[in-house]
Peer 1: 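The structure follows.
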4 protein chains.
Amino acid sequence: MARPKSEDKRSAILAAATRVIASQGLGAPTATIASEAGVSNGSLFTYFPTKADLLNHLYLELKGEMATAALGDVSAASNVREPLLALWTQWLHWAVASPEKRRALAHLAVSDDITPASREAGHQAMAGIAKLLDRSRGGGPLCDAPLGFVLALMNALADTTVDFMIQDPGHAEDHCRVSFDALWRMVS
Amino acid sequence: MARPKSEDKRSAILAAATRVIASQGLGAPTATIASEAGVSNGSLFTYFPTKADLLNHLYLELKGEMATAALGDVSAASNVREPLLALWTQWLHWAVASPEKRRALAHLAVSDDITPASREAGHQAMAGIAKLLDRSRGGGPLCDAPLGFVLALMNALADTTVDFMIQDPGHAEDHCRVSFDALWRMVS
Amino acid sequence: MARPKSEDKRSAILAAATRVIASQGLGAPTATIASEAGVSNGSLFTYFPTKADLLNHLYLELKGEMATAALGDVSAASNVREPLLALWTQWLHWAVASPEKRRALAHLAVSDDITPASREAGHQAMAGIAKLLDRSRGGGPLCDAPLGFVLALMNALADTTVDFMIQDPGHAEDHCRVSFDALWRMVS
Amino acid sequence: MARPKSEDKRSAILAAATRVIASQGLGAPTATIASEAGVSNGSLFTYFPTKADLLNHLYLELKGEMATAALGDVSAASNVREPLLALWTQWLHWAVASPEKRRALAHLAVSDDITPASREAGHQAMAGIAKLLDRSRGGGPLCDAPLGFVLALMNALADTTVDFMIQDPGHAEDHCRVSFDALWRMVS
DNA sequence: TATGAATGAGGATTCATTCAT
DNA sequence: AATGAATGAATCCTCATTCAT
């Protein structure tokens, strides 16, 4: 049945896009992405009919991977502080360890090419995080705020912290701990 | 080397850039900005030799205006909570009232065209805010973190809150108050 | 070298090409033609090694069908006017009834991809028509002109008439009759 | 007031388009047209915002020139045959002498890029010809047919004749005369 | 033989910047 | 200084054709 569309190639394109977008921004030529993926420029378009389509898929993939990493090893312990700390630590360490994915995601997050549907799906991907956060706030001071708002605040804190962890690797763990404490004061 | 003739034209270009970038993003053609400013294509380049140069100046102007607005009416009262609250309120309301400036600034903040020097100058513009924040944290839990880090965390909180105030104008004041309380718990 | 397996598929491709070219012109992608024919992209090229080749075959097929239709029921009556009228009527009605074939043929007729050999073969296909026309002009005013020239003039008249018959179906029969009379005055 | 848009350059582009389209068809790259005109590819688009726009303007220019040439020296003589013959002769000789313009016009006439408005304007350009033709048919056999139909028939005859005049230059004048007589029989 | 993925040379158009007026 | 035409590199995407399966 002819050559089947190769999952490897698709992944290679997404991986290449991550690298190229991280370093050149969203203006990066599709041709550069293709060649970085070891694929002809025409082939890129058999996997993603449009640059915007590629961007949307990449957005979802990265958002999903981030959420998965953050939730990786969160035991449903009896108290709530421990799981949230585990989440926070894993999240930030994933981001620090994947600077290109993080940069690419940052570019994508502000792009006009990302459709509302993709943004919605991106939020779904973070549902697990949201749930844990919800448990954490309990009946605390943020209990009446929309969960999406609280989640966004946490997200903003995480992003900012990662910036400083990368900038100043000597104190990365300090920053991580300090910001978690700040978060905890905020929500609990 | 004399300063270009019309200060008015320079301002018109910056104002037009704000509007155009807010609606079309950083990819907006210089020709569009020029015509929105009522100036010819070529004239734009006598005021700003380069598109990147225009972007950097706009970044600084907007950042400066934001800081000025935030610090507008902050009396050096005896306690520290009041001034910080005033700062917060003014900051967020300026942002809500100036959606184009805010959007443009958001685009600029992630642009690769903004030089490190501009970013540094942008931080300087926020020195007044930083000072107040420094007083606010006093010897509290964040007293050992770099001030820049704490400032960045506050900035992230502010930005996120404004998003929700604009999205959900009916509860704008709630969001503003809730996030200030969260900030206060974080820093004090 | 054996003939390709399925004569059906060959026909399907030609039929699909007729439809697609009629609506999209000669720029129509081969992939579109293939899929309209229910055949894969690649298969098209086992039946026609080249797009140009497909075009040439289609040209001949349509030209042949047109000639056949025109000559369909032309009894070799004693006088010459009757057969020519029958020819004219059948020709024009075939064209009106097969608008896609006609449109496709019109596109093909002006294409640079049609080889001189195909054009020549196309003329051969019209030999029957030419013969009848030759009888019709007899020793009349056009008796000294090259037969090909006279044939081309008739062809041009036919084409133009069909345009108006399609455009203005209410008077199709009028146009058909009027133009035949004009032709008759021209040749006899 | 800056460099004014040069009428020369505009003409050069149209002339180049005529030549290039005559030899390569409508698929001719705009870049080829621009370079043939001695202009940068970008400049072409300051004169014609779109390839389709260029095509439409060229269509009108060529149609107009053709009509002007045909009507060039048609004295309003007392009888009607003389003026029509003059028209016919001038028309055909213009076409024979301007093979590139003729070929380009033939390509344009069947293009989907030519708008209905342009076609309408093209017909207007032939109003003078139509008027003369109308006088010529008088109360003759074609007096009840739509004038547009009769005009189209004449047009078709002219085109076909020119083909043969070019193909067989030795008998060009014969063909011209023969076809005029045929036309005259048709209309009068 | 049939399939459809792979290829890569184009092609129309945009745009920052320069330069003639 | 102001204008806007001129430039040409760069970009996304298409498509005839080839080739692995």
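Order of the sequence lines sets the chain letters (A, B, ...), proteins ahead of strands, with each chain counted from 1. Fair warning: this is a prediction, and the values are worked out from it, not measured in the lab. Atoms considered below: every heavy atom in the structure, side chains included; atoms not considered: hydrogens, waters and symmetry mates.
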Peer 1: Would you mind classifying the nucleic acid contact of A:Phe48 as base, sugar-phosphate or nothing, using non-hydrogen atoms under 4.0 angstrom?
Peer 2: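 The residue A:Phe48 makes no contact with any strand.
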Peer 1: Please figure out whether D:Thr50 or A:Thr46 has its closest DNA chain E nucleotide nearer the 5' end.
Peer 2: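 Final value for this comparison: A:Thr46.
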Peer 1: Remember a base hit wins even if backbone is also touched, and classify A:Ala28 as base, sugar-phosphate or nothing at under 4.0 Å, heavy atoms.
Peer 2: sugar-phosphate
Peer 1: How many whole angstroms separate atom CD1 of B:Ile13 from atom C1' of F:dA1?
Peer 2: 12 Å
Peer 1: Could you tell me how far apart B:Phe45 (CZ) and F:dA5 (C1') are, to the nearest whole angstrom?
Peer 2: 14 Å
Peer 1: Toward the 5' end of DNA chain E, which comes first, A:Val39 or C:Ser40, by nearest nucleotide?
Peer 2: C:Ser40
Peer 1: Between P on E:dC19 and NZ on D:Lys5, what's the gap in Å once rounded to a whole number?
Peer 2: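 That distance rounds to 21 Å.
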Peer 1: Taking B:Leu108 as the fixed residue, which of B:Thr18, B:Asn56, B:Leu62 is the one that meets the side chain to side chain contact (heavy atoms under 4.5 Å, CB included) rule?
Peer 2: B:Leu62
Peer 1: Under 4.0 Å: is that the gap between some side-chain N or O of C:Tyr47 and OP1 or OP2 of E:dT1?
Peer 2: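 C:Tyr47 to E:dT1 OP1/OP2: no side-chain N or O under 4.0 Å.
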Peer 1: Would you mind pulling out the nucleotide paired to F:dA1, Watson-Crick or G-U wobble, both distances under 3.5 Å?
Peer 2: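 Pairing partner: none.
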Peer 1: To the nearest angstrom, how far is A:Ile21 atom CD1 from F:dT11 atom P?
Peer 2: 14 Å
Peer 1: Within the 4.0 Å heavy-atom criterion, would you say B:Ala52 contacts the bases, only the backbone, or no part of the nucleic acid?
Peer 2: nothing
Peer 1: Under 4.0 Å: is that the gap between some side-chain N or O of D:Ser43 and OP1 or OP2 of F:dA5?
Peer 2: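 So the side-chain polar atoms of D:Ser43 never come under 4.0 Å of the phosphate oxygens OP1 or OP2 of F:dA5.
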